[in-house]
Amino acid sequence: MPLLPRRLLAAALLSASALCLEIALTRLLSLLYFPPYVFLVISVAILGIGIGAALPAWRPQLLHEERLAHYCLFAAASSLFLAVLCSSALPLRMPALLFAALALPFAWLGLAMSVLFSLHAAHSRLLYMGDLLGAGLGAVLTIPLLNRFGALDVVLIAALGFALAAWYLSARRGRLVTLAGLAICACVLGVNVSARLLDMDMTALAAEKPIVSALSAGGAIIDTRWDAFARTDLVDPGDGQPLRIYVDGGAASVMPQPASSTQHLRDIGFFPFATEQPARVFIVGPGAGMDVYFALQSRARSIVAVEVNGASVDMTRAMSSRNGAVYDQPNVTVLVDDGRGELRRSNDKYDLIFLSQVLSLAAERGGYALSENMVYTADAFADYLAHLTEGGQLALKLYDEATLTRALSTAIAAFQHRGKSDAQALEHLMAFLDERADMPVPLLLVGAQPFSEDDSLALGAIARSVGFTPLLLPHVLVQPPLDEVAAGAMTFVETIAAAEVDYSPATDDRPYFFQFERGIPTSLQPLALLTLLGALGLALLCLGLWRRSKSVASSLSPAYVALLGLGFIALEIYAIQQARLFLGHPTWAVALALFTFLVGGGIGSGLSQVRFRALLFRFPQLTPALVMVLALLWSALWAVMSRELNTATLSTRLLAALVSLLPLALCMGVPFPQALAEIAKLDRRGVAIAWSVNGMATVAGSITAVILSIAIGFGAVLWLGAAAYGLAALTVLMMRRAQPAM
C-alpha cells in the first residue's frame, strides 16, 4: 500500500480506537464512581492528547517517522494497563492512580498524531479528514460493541486498534515488534471474552453505591448485562427478600414478589394508585416492575410503562415466575424508550402519570448532582399535565426534603407558564411523607385540577390512617413559609431566594434537578481554576512568541487554534443536549451528534483540500465566520423542526437531525487543518504547539460549557461556541493582514 493511504488509514484507526476507549471509560467510571465522572474522563482524555501533542515542540528528536509505530504500541499497552487497573480494587483505594493512568493512552495518541501531522503537514487536510472519519466510525461502532461485549472488553478492543495502527505505521525492520504487540492484544481480548480473566469487582465500587452494601450483606449477583446505557445487575439479597435490579451499582429497583404483597402495599408509592383508582396509567421508569405491580393491584384497565434501560425489562421478564409476570399481563404495555419523549409523541391522556426513582442513600443522590435529568424539569411537568385527563394526577415519589422542595418549585413554575399565580399553583399540589422508611420518603401529588378542601380532608385522613404524614394539603395544611405564598403575601421565588441552597426550578435549558449548590459547584471549582490558569498560560505563550518572533501571525496562531477548540466542543455539547429529548434516548443523541460532527468535519476537511483550496487561502476568515452564522441559524431551525417532527418515527427524526447538523459540521472541519498547514510553513514545531493548545482549549471549553449550563443554561453554551468562532474569524483576519502568507 502506498505511504499516504497507509498514513490515512493509521490516522483513522487511531481516532476510532481513541473514541471507543473514551466512551468505554465513561461507562466504566460511571460504574466505579458516578455519572459526573464521565465529564472528567473526557477532560482527562483531551488533556492527555494535549500534553502528548506538545512533546515534539519540547524535544524535536521525537519527530521521527520510525518512532510512530512505537507510540501507537505504547498507547495499546497503556490501554491494557487501564483494563487491568479498572478490574482491580485499586481505583477505590487509589483514585489518583486511576486518573493518572487515564491520561497515558491519550498522551501517546497525542504524540503520535502530532508527529504524523508535523511530518506530513502538506497533507494536513487529508490526514484530518482521516482523523475525523475514523472518530465518527468509532462513535457509531462503540454502541454495538458495548452492547455485545461490555465496557471492559471494548477497552481491550481499543488496545487492539492502536496496535493495528502501529502495523500500518511501522517500518519494515520494526514489523516483528509490531506484529508481536498486535498478537498480544488479540490474545488478551480473545482470552477475556471466552474466560473472563478480567472482570469488574462489584464489591470495590465507590462506598456510597447500594450494590456494595447488598453484596456485603450476603447478596449474590444472579445475572449481569452490559450495554451502551449501563451495566445492569440482578441481585438476590437472600433471606427470601425480593430481587433487586441495580443500574451501574446504584438506583436499586425492587422486583415485586407476590408473597410479599402486604409489605409492598405499605410503600408510599402505592398511595396514589390506591386513592385515585386510575383506569389509565402511564409509568416513567418502572425498573424492575414494582410500579406496574401497584397499577395492577389498583385494577387499572390500561398500563403503559416506558423504561429507558432495556436490560431491566429483559431481566424482569426472565424472572416472571418470581414476580407474577408483571410485564406480561394483557393490560400492560412495556416500551424501551425515553418516557417523556414517548409521552410527547402520544395523543393519549391518562388518569395517573407516575414517576419513581428510589435511591438507597442520600449520598448517592448527591453523586448525581451534575447529571442532567430531563424528566424533572418545568417543561417536562408541562408535558405531563398536558397528558392528564380532567381529574388526573401526576405523582412523584421523591428522595428527601431537598428534592421535594425542588419538585414543588418546578411544579409551580409549570403552572406559572399556564398563567396561574403561586397561590393558585399551590392548590394543585399535595405532599406526604413516609417516616417509617429507613430514610423518610416524600410523595408529591400534582393535580390537573385544583384540590378542594374536601379532597384535602379525605386524602389527609387516608394518609394518616396508613401511617403517612401530610406535609401539604391545600386549604387545610399549608406550613410556613408556604402559608405566606398561599395567602399572596410572598412569592415562591422570594421564598426560595432566602434559602441557603438553590431550590430554583429545573428547566430543559438548565436540567440539573439534583444540583443544589449556588454558583459554581464545589466539584467543579478546581477545574474552573485550572481553566483560568490555562487561559493565563495561553496569554503568556502568545506574548512570549510575539516577543521572540515580532510576528503577529506567530503570536496569534495559538489563540486562533484555541478559539477553534473552544468553539468546537461548545457547539458539540449544545447539539448533544438538544438532541436528547428529540431522539428519545441519550445514547442515540450522543452517537448521532458525534457521528455528524466528526464525519461531517472529516468530509469538510477533505473537500477543502480538493475543491475550495484557493478560495479558503484567500479568505481564511470565511469558514469560522460561516460556522458562527450556521450555529445560530441551526438553533433557530431546530426549535421549529423538533416541534413539527416530534411525532415522527425514530428513523425520520435521526435523518432530520443528521441533515440539519451536516452543513454546520462540514464547515467546522475546515479551519483547524487549514491552520496546521499554514503554521507548518512558519515553523514545523508550531504544529505540535497547535495540537496541544487546541486540546487544552477543548478541555477548558468542556469545563466552561458545563459551568455555564449549570449557572445560566445551555443557551449560553450555544453563544459561547458561536462567539468563539466569531473571535477566531477576527483573529485570523488580523493574522492575514499582518502576514499574507498566513
Checklist entry - Does Asp338 come within less than 4.0 Å of Arg580, counting only side-chain N to carboxylate O? => result no
Next on the checklist: Does Val476 form a side-chain contact (heavy atoms from CB on, under 4.5 Å) with Glu453? I'd like the steps, not just the answer.
Outcome noted: CA-CA 7 Å; Val476 174; Glu453 183 175 349; 4.0 Å; yes
Checklist entry - With no hydrogens and no angle check, do the side chains of Thr469 and Glu435 hold a donor and an acceptor under 3.5 Å apart? => result yes
Checklist entry - Which heavy-atom pair separates Met430 from Leu444 by the least distance, and what is that distance? => result O-CD1, 3.2 Å
Checklist entry - Any side-chain heavy-atom pair from Arg406 and Phe516 closer than 4.5 angstrom? => result yes
Next on the checklist: Which heavy atom of Ser456 sits nearest to which heavy atom of Pro474, and what is that distance?
Outcome noted: OG-O, 2.7 Å
Next on the checklist: Under a 3.5 Å threshold, yes or no: a donor from one side chain and an acceptor from the other, between Asp351 and Gln393?
Outcome noted: no
Checklist entry - Would you call Leu443 and Leu398 a side-chain contact if the rule is heavy atoms closer than 4.5 Å? => result no
Checklist outcome for this item: In terms of heavy-atom contacts, Leu583 and Ala589 come closest through CD1-CA, 3.8 Å
Checklist entry - Are side-chain heavy atoms of Pro210 and Tyr246 found at a separation under 4.5 Å? => result yes
Checklist entry - Are Tyr512 and Ser709 close enough, and set up right, to give a side chain to side chain donor-acceptor pair (under 3.5 Å), and what steps lead you there? => result CA-CA 9 Å; Tyr512 298 93; Ser709 67; 2.7 Å; yes
Next on the checklist: Counting C-beta onward and ignoring hydrogens, is there a side-chain heavy-atom pair between Leu654 and Leu592 closer than 4.5 Å?
Outcome noted: yes
Checklist outcome for this item: Of all heavy-atom pairs linking Ser702 and Ile573, the shortest is CA-CD1, 3.9 Å
Checklist entry - Are any non-hydrogen side-chain atoms of Ile710 and Val706 less than 4.5 angstrom apart? => result yes
Item to check | Evaluation steps, salt bridge (Lys or Arg N to Asp or Glu O under 4.0 Å), between Asp267 and Lys397 | outcome: CA-CA 10 Å; Asp267 190 294; Lys397 183 179 175 182; 2.8 Å; yes
Next on the checklist: I need the minimum non-hydrogen distance between Ala448 and His428, along with the two atoms involved.
Outcome noted: O-CE1, 3.4 Å
Checklist outcome for this item: CG of Asn323 to OH of Tyr293, rounded to nearest 0.5 Å, is 10.5 Å
Checklist entry - Between Arg280 and Tyr350, is NZ or CZ placed under 6.0 angstrom from the six-membered ring centre and within 45° of the ring axis? => result yes
Item to check | Closest contact, heavy atoms only, Gly249 versus Leu31 | outcome: N-CD1, 4.0 Å
Item to check | Heavy-atom side-chain contact between Arg340 and Met374 under 4.5 Å | outcome: yes
Checklist entry - Any side-chain heavy atom of Phe294 sitting closer than 4.5 Å to one from Val281? => result no
Item to check | Worked verdict on Thr507 versus Asp379 for side chain to side chain donor-acceptor pair (under 3.5 Å) | outcome: CA-CA 6 Å; Thr507 64; Asp379 309 85; 4.9 Å; no
Checklist entry - Yes or no on ring-ring contact (aromatic ring centres under 6.0 Å, His included) for Phe514 and Tyr399, after CA distance, side-chain angles and deciding distance? => result CA-CA 10 Å; Phe514 297 108; Tyr399 319 107; 5.3 Å; yes
Next on the checklist: Measuring centre to centre across the rings, with the benzene-like ring taken for any Trp, is Phe354 within less than 6.0 Å of Phe273?
Outcome noted: yes
Checklist entry - Are Arg225 and Asp227 within salt-bridge range, i.e. N to O under 4.0 Å? => result no
Checklist entry - Is there a donor in the side chain of Ser660 and an acceptor in the side chain of Trp638, or the other way round, less than 3.5 Å apart? => result no
Item to check | Criterion side chain to side chain donor-acceptor pair (under 3.5 Å) on Thr377 and Asp508, from CA distance to verdict | outcome: CA-CA 6 Å; Thr377 67; Asp508 281 356; 2.8 Å; yes
Checklist entry - Taking only residues two or more places apart in sequence or in another chain, which ones pass side chain to side chain contact (heavy atoms under 4.5 Å, CB included) with Val306? => result Phe282, Val304, Leu335, Asp337, Glu342
Checklist outcome for this item: The side chain to side chain contact (heavy atoms under 4.5 Å, CB included) partner of Ile303 among Leu296, Val326, Thr333, Leu352 is Leu296
